[in-house]
Amino acid sequence: MSDTPIISAHNLNLWYNDTHALQSISIAIREKRVTALIGPSGCGKSTLLRCFNRLNDLIDHVKITGEITFGDVNIHAPGTDVVHLRKRIGMVFQKPNPFPKSIYDNIAYGPRVHGVKEKKDLDRIVEKSLRDAALWEEVRDRLADSALGLSGGQQQRLCIARTLAVGPEVILMDEPCSALDPIATAKIENLIEILKKNYTVIIVTHNMQQAARVSDYTGFMYLGKLVEFGETRQIFEHPSETLTENYITGRFG
Amino acid sequence: MTEKFHAELNSLKDETIGMAQFAREMLDDSVKALVAQDCVLAQSVVAKKKRIRDQTINLEERAYMLIALNQPMAKDMRVIACILKMITAAERIGRYGKDIANMIERLKDEPDFAEPLPVLHMAELVTAMIDDAITAFKRENLDPIREFSTRDDTVDTLWHSIFRETLTFMMENPTTITRSTYFIMVARYLERSGDHACKMAENIYYMITGERMEIK
Amino acid sequence: MNFLQRFTTGTSGNTARSSLLKEKSIKTVFFCTAFFAIVVIIFILFFLFLDGYPVFEQVGIANFLFGTSWTPTAVVPAYGIFPLIVGTLLVTLGAMVIAVPLSLGCAIYVSELASPRVKKILKPAIELLAGIPSVVYGFFGLIVLTNFIRISCDIPTGETWLAASILLGVMALPTIISVSEDAISSVPREFKEGSLAIGATRWQTISKVIVPAALSGIAAAIILGIGRAVGETMAVMMVAGNAAIIPNPIWNVLSPIRTLTGTLGIEMGEVSVGSLHYNALFGVAIVLLVITLIINLSAVAILRHLRERGTTRQKRTPLLTPERKESLKRFAEVSGISVLMIFILVATPWWGVIVFLLAGVVWYYIREQISQKLIEKLAFALIISAAVIVIAILVIILQDIVINGLPAISWEFLTQPPRDLGRAGGIFPAIVGTLYLVIGAIMIALPIGVGAAIYLVEYTREGRITRLIRTGVDLLNGTPSIVFGLFGFAFIVLFLGTGVSLIAGQITLALMVLPTIIRTTEESLKNVPQALREGSLALGATKWQTIRMVVLPPAVPGIVTGAILSIGRAAGETAPIMFTAVIFSSRFLPDSVFQPVMALPYHLFILATNIPGSSTNKYGTALVLLILVIGFYSVAIVVRNHFQNKIRV
């Protein structure tokens with residue numbers, strides 16, 4: 001629980017075809033803390049996030065050099081069980097993407113896929129996940145209804161609950177509030193405050209105030225490089241790099 | 001707005017109340033020390049100055065943070081604006097208390113004279129105004145500050161009368177000039193503290209109603 | 001939470017390895033189906049080419065394509081298919097002249113003018129009518145249309161180019177109307193609102209804003225219609241007269257005519273294997289394939305051009321500069337109109353010509369004076385009459401069959417085998433035969449088609465190879481069914497030696513519907529948003545788990561709809577089974593798949609063309625076939641609408 005790194009990248013480089021999207025990124029994510037990645041559009045923050053759970057594998061023509069370690073294991077080592085990696089590192093996406101199934105089945109999907117079969121076990125996991133995502137009270141009477149009938153904010157909390165249901169250690173959030181109204185956004189921020197007691201959270205956001213509100217550490221990225229990384233307080237009050245200062249004060253981006 | 005924001009806002013408000021009360025104590029203690037010629041009490045008031053300075057810095061920082069990070073609106077914004085003004089006013093009141101306390105050291109060798117009562121009475125009026133402003137702020141209620149205009153007039157009248165009388169006394173008793181001058185300054189400080197209490201009231205009025213008013 | 005702890009500490013090494021093996025084996029299974037499908041497609045093309053090449057070699061490509069005499073059974077045989085190509089072109093042209101204005105008018109009516117209640121009935125009705133089997137159309141044409149032409153034009157027989165064009169035009173109507181209507185409805189509402197807000201009339205909005213915006217979809221619809229007309233065999237065979245000549249003069253619509261497809265249908269049964277005639281027929285099939293390919297490619301090119309024009313993205317300097325384009329457009333307009341006018345002038349009697357000319361003169365002079373409102377009224381009158389004509393045509397056809405067919409329907413008719421060459425008795429073996437054929441076909445085509453589509457969409461990346469495969473699939477999708485019949489006959493019946501049998505018919509039908517199933521399954525899978533796949537994989541699911549539990553369930557309605565539509569089509573097709581599976585009269589049901597069967601479409605065809613005096617049973621057969629096929633189509637439409645509504649909620 002001390003500020004030990006749980007995920008680190010060393011000299012990470014990534015190319016989409018010929019575009020050098022990530023340039024020599026070295027970063028250490030502290031355990032059970034919230035780390036925010038900020039930067040203008042196209043700076044590579046989402047790309048970096050997707051490296052941590054190897055979701056970039058799904059995209060064609062991607063080349064990666066450098067190392068990413070989770071715990072003390074290199075996640076790109078041949079023979080790495082990517083499926084198991086994604087169980088330990090979960091992801092919440094920008095646009096809520098609930099499956100066209102019932103609320104219950106959405107949450108139970110992850111556990112079922114990983115072998116949980118007993119109904120009472122599933123029931124317990126579903127309730128706990130929904131409680132942890134602050135959604136239980138709103139949906140407890142309609143677990144069999146379609147998840148697509150929920151509001152945007154509720155759907156996003158459902159996706160968070162779905163991620164929690166597989167019991168990850170790290171939660172990656174890719175602009176989780178971009179598609180939500182201010183009240184739903186506030187609920188998610190409350191949730192992050194609570195989640196960080198038990199999970200490591202890495203959040204990509206283009207909303208600087210949000211990054212300053214919720215995170216303990218912040219990394220500023222620009223054109224594929226990690227320009228500055230440090231405690232949130234320091235980054236937002238007196239950043240060391242001029243580029244960071246210019247971005248934060250709105251002079252570009 | 002998140003729960004975190006509201007929790008922080010409430011905490012800031014409470015601590016502002018604490019700071020204002022602290023400043024009021026400083027003023028009250030300093031006048032008591034003056035009347036009783038109590039040097040020990042005076043020293044303790046002077047020592048509190050650092051604390052009130054620290055409180056100013058700390059609370060202002062937190063208020064700025066709230067604004068920068070949360071873009072508060074409507075009532076929330078007015079509360080924070082009021083807090084900032086109250087902090088300023090409270091610090092000034094505290095410093096007047098310190099200034100009065102500083103005088104006691106220099107006065108102890110001067111020839112004494114009677115009737116510090118007007119000053120005491122004035123101090124009672126002013127501290128009562130500060131208390132009522134704090135209450136209005138705490139309860140977000142206008143009642144305690146409705147009569148402030150009248151009360152401030154009373155304080156001003158008292159100030160003018162003390163000034164004239166002391167001037168007359170100085171002219172008749174030249175040996176008491178030093179002490180009398182200090183006396184006049186004390187009254188002046190009290191009158192200024194009353195003005196600061198009125199400023200607090202004006203800002204509290206703005207916080208509650210969203211409209212401006214002036215206490216002349 | 002002891003259980004959760006156990007759950008979250010991860011899989012042990014052994015289970016990880018075994019699940020990896022399972023994933024790999026599933027991927028291999030899908031790869032095999034895709035591979036098989038592709039091999040089949042390539043093989044069909046290869047086999048056709050192999051058996052067709054000798055005629056190009058011996059007769060020479062120029063002589064084959066441009067020779068004006070097709071007499072393969074003469075003492076000195078001639079293999080010139082130019083009359084056949086001309087026949088196909090003329091018949092298609094005539095069909096489009098009839099179909100395009102009517103379809104456009106009807107499509108505009110349905111999407112813009114019809115009230116919601118009327119629309120709700122009309123749209124599914126038109127889609128259903130796309131399902132009427134071609135042999136039923138041909139039957140109607142033979143009995144009613146040709147007689148009508150014979151009587152009203154006072155000629156010895158009504159089997160003419162005119163009859164073929166009218167029939168093909170009517171057959172193409174539902175296709176062109178459905179696709180055009182979809183295109184017009186998809187034009188964003190903002191366009192319409194913007195035009196009306198300026199004060200344009202509805203007709204101005206429709207003609208100047210909506211239709212141009214929907215042009216790519218309408219073009220696609222017309223091309224689909226052309227494809228349908230080019231590939232039609234049965235109806236043409238039954239009403240065109242089938243003389244392999246070029247009409248003289250060329251605009252004589254009352255001349256008999258023969259198409260490429262008709263040639264295959266007629267002569268395939270009587271050719272001796274390995275003879276030059278045999279090779280020549282394959283040559284014809286190859287020409288048909290080439291024409292299909294040209295239609296497909298030009299469709300893609302036209303669509304891309306129209307889409308680019310709409311988005312004003314100029315990637316390279318256009319071949320046609322604006323001035324050249326303008327003059328080209330003007331030239332095309334003028335020549336098109338003059339050709340059309342000559343056509344109509346010579347085809348209609350003299351009084352029609354006078355009326356037409358008069359109308360044209362009057363129109364030219366008063367064009368400027370008439371108010372927009374009046375123009376709108378005229379235009380709407382024309383459109384409504386187009387819709388009315390379309391509905392009237394289809395009602396006439398249906399009521400003719402229903403009214404004349406109902407008396408034939410009886411318990412005996414449905415459960416007894418035929419007697420007296422089909423003039424009496426029932427059609428039970430034909431019903432059963434059709435069902436056998438169709439069930440067999442779908443059992444072969446569905447697993448292979450769905451598996452291949454899953455492999456193509458989920459396991460491969462979009463690239464040159466997948467695009468090539470898709471082109472191949474599209475090519476076979478548009479190929480006339482008679483070509484499949486030819487392949488089935490030559491390869492399965494003769495080469496593999498199964499003889500005319502149920503299994504040969506099932507395989508041929510399966511090959512015919514395979515491309516459709518691959519395409520519809522692909523579309524359904526692609527409609528599942530990528531975000532769902534990412535969400536599932538991000539939770540640590542494997543690829544197969546994602547496909548099985550997240551991708552397939554929403555895609556199933558689309559797959560099922562495609563399958564049912566394929567079943568319907570297979571049930572109504574005659575050409576693929578004519579020489580591969582069917583016999584005319586059989587008292588008993590087949591004992592094994594290696595025996596031939598009866599089938600409804602073929603039964604109807606023979607009754608109509610060869611058996612005089614079987615009127616009631618003809619109509620009865622037509623009615624039963626109609627009900628069967630329309631039944632399948634209705635189920636598909638209901639399934640699709642049901643799930644579309646569910647997803648919308």
Side-chain angles (χ1 to χ4, degrees), chain A residues 50 52-55 57-61 79-101 105-116 118 120-122 124-125 128-129 145-146 148-149 158-159 162-169 171-172 174, chain C residues 1-24 458-464 466 527-557 643-649:
Chain A
R50 290 166 64 104
F52 292 139
N53 68 347
R54 287 188 57 177
L55 214 57
D57 291 3
L58 297 181
I59 304 179
D60 301 334
H61 311 300
T80 311
D81 187 355
V82 172
V83 162
H84 185 54
L85 177 75
R86 293 188 185 136
K87 187 152 97 68
R88 297 175 66 196
I89 303 181
M91 185 174 237
V92 176
F93 296 84
Q94 182 172 346
K95 194 164 170 299
N97 57 355
F99 302 133
K101 299 174 190 285
D105 284 333
N106 260 277
I107 315 277
Y109 178 78
R112 279 195 181 118
V113 143
H114 292 294
V116 177
E118 290 287 315
K120 55 177 172 53
D121 292 332
L122 288 173
R124 215 170 349 129
I125 295 176
K128 180 171 193 308
S129 309
D145 289 355
S146 166
L148 300 178
L158 177 77
C159 290
R162 191 174 67 182
T163 307
L164 294 178
V166 295
E169 295 153 52
I171 303 178
L172 308 174
D174 191 352
Chain C
M1 190 72 51
N2 226 353
F3 169 75
L4 264 185
Q5 278 173 354
R6 182 164 42 93
F7 168 56
T8 55
T9 46
T11 52
S12 69
N14 274 331
T15 33
R17 247 176 286 129
S18 71
S19 63
L20 204 63
L21 197 65
K22 181 174 162 202
E23 284 292 305
K24 271 210 143 59
E458 303 291 328
Y459 284 97
T460 57
R461 310 214 157 136
E462 191 64 34
R464 235 176 301 141
T466 45
N527 271 339
V528 176
Q530 184 66 1
L532 290 186
R533 291 183 185 87
E534 288 197 345
S536 170
L537 290 170
L539 287 169
T542 64
K543 187 136 202 165
W544 170 235
Q545 283 170 327
T546 303
I547 294 176
R548 182 165 54 98
M549 300 206 271
V550 170
V551 176
L552 275 182
V556 160
F643 281 103
Q644 256 180 9
N645 290 334
K646 232 168 80 157
I647 290 176
R648 215 165 287 145
V649 164

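A, B, ... follow the sequence lines: proteins, then strands. Residue 1 opens every chain.
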Trainee: Return the CD to CG distance between C:Q530 and A:L58, rounded to the nearest 0.5 Å.
Mentor: 7.0 Å
Trainee: What part of A:D57 is in contact with chain C, defined as an atom under 4.5 angstrom from a non-hydrogen atom: side chain, backbone, both or neither?
Mentor: backbone
Trainee: List for me each residue that meets side chain to side chain donor-acceptor pair (under 3.5 Å) alongside A:R50, sequence neighbours excluded, and say none if there are none.
Mentor: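 Partners of A:R50 under the side chain to side chain donor-acceptor pair (under 3.5 Å) test: A:N56, C:E534.
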Trainee: Using 0.5 Å steps for rounding, measure from the CZ atom of A:R112 to the CD atom of C:Q545.
Mentor: 12.5 Å
Trainee: Looking at CG of C:L539 and CZ of A:R86, how far apart are the two atoms once the value is rounded to the nearest 0.5 Å?
Mentor: 10.5 Å
Trainee: Taking every non-hydrogen pair under 4.5 Å, which of A:L85, A:N53, A:L55, A:V83 racks up the most with chain C?
Mentor: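 Of the candidates given, the most pairs with chain C belong to A:V83.
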Trainee: Using a 3.5 Å cut-off and no angle test, enumerate the donor-acceptor pairs between side-chain atoms of residues 89-99 of chain A and protein atoms at least two apart in sequence or in another chain.
Mentor:
unit_1	atom_1	unit_2	atom_2	d
A:N97	OD1	A:R162	NH2	3.0
A:N97	ND2	C:A531	O	2.7

Trainee: Scan C:P553, C:P529, C:P554 and name whichever one has a side chain to side chain contact (heavy atoms under 4.5 Å, CB included) with A:P100.
Mentor: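 Passing option: C:P554.
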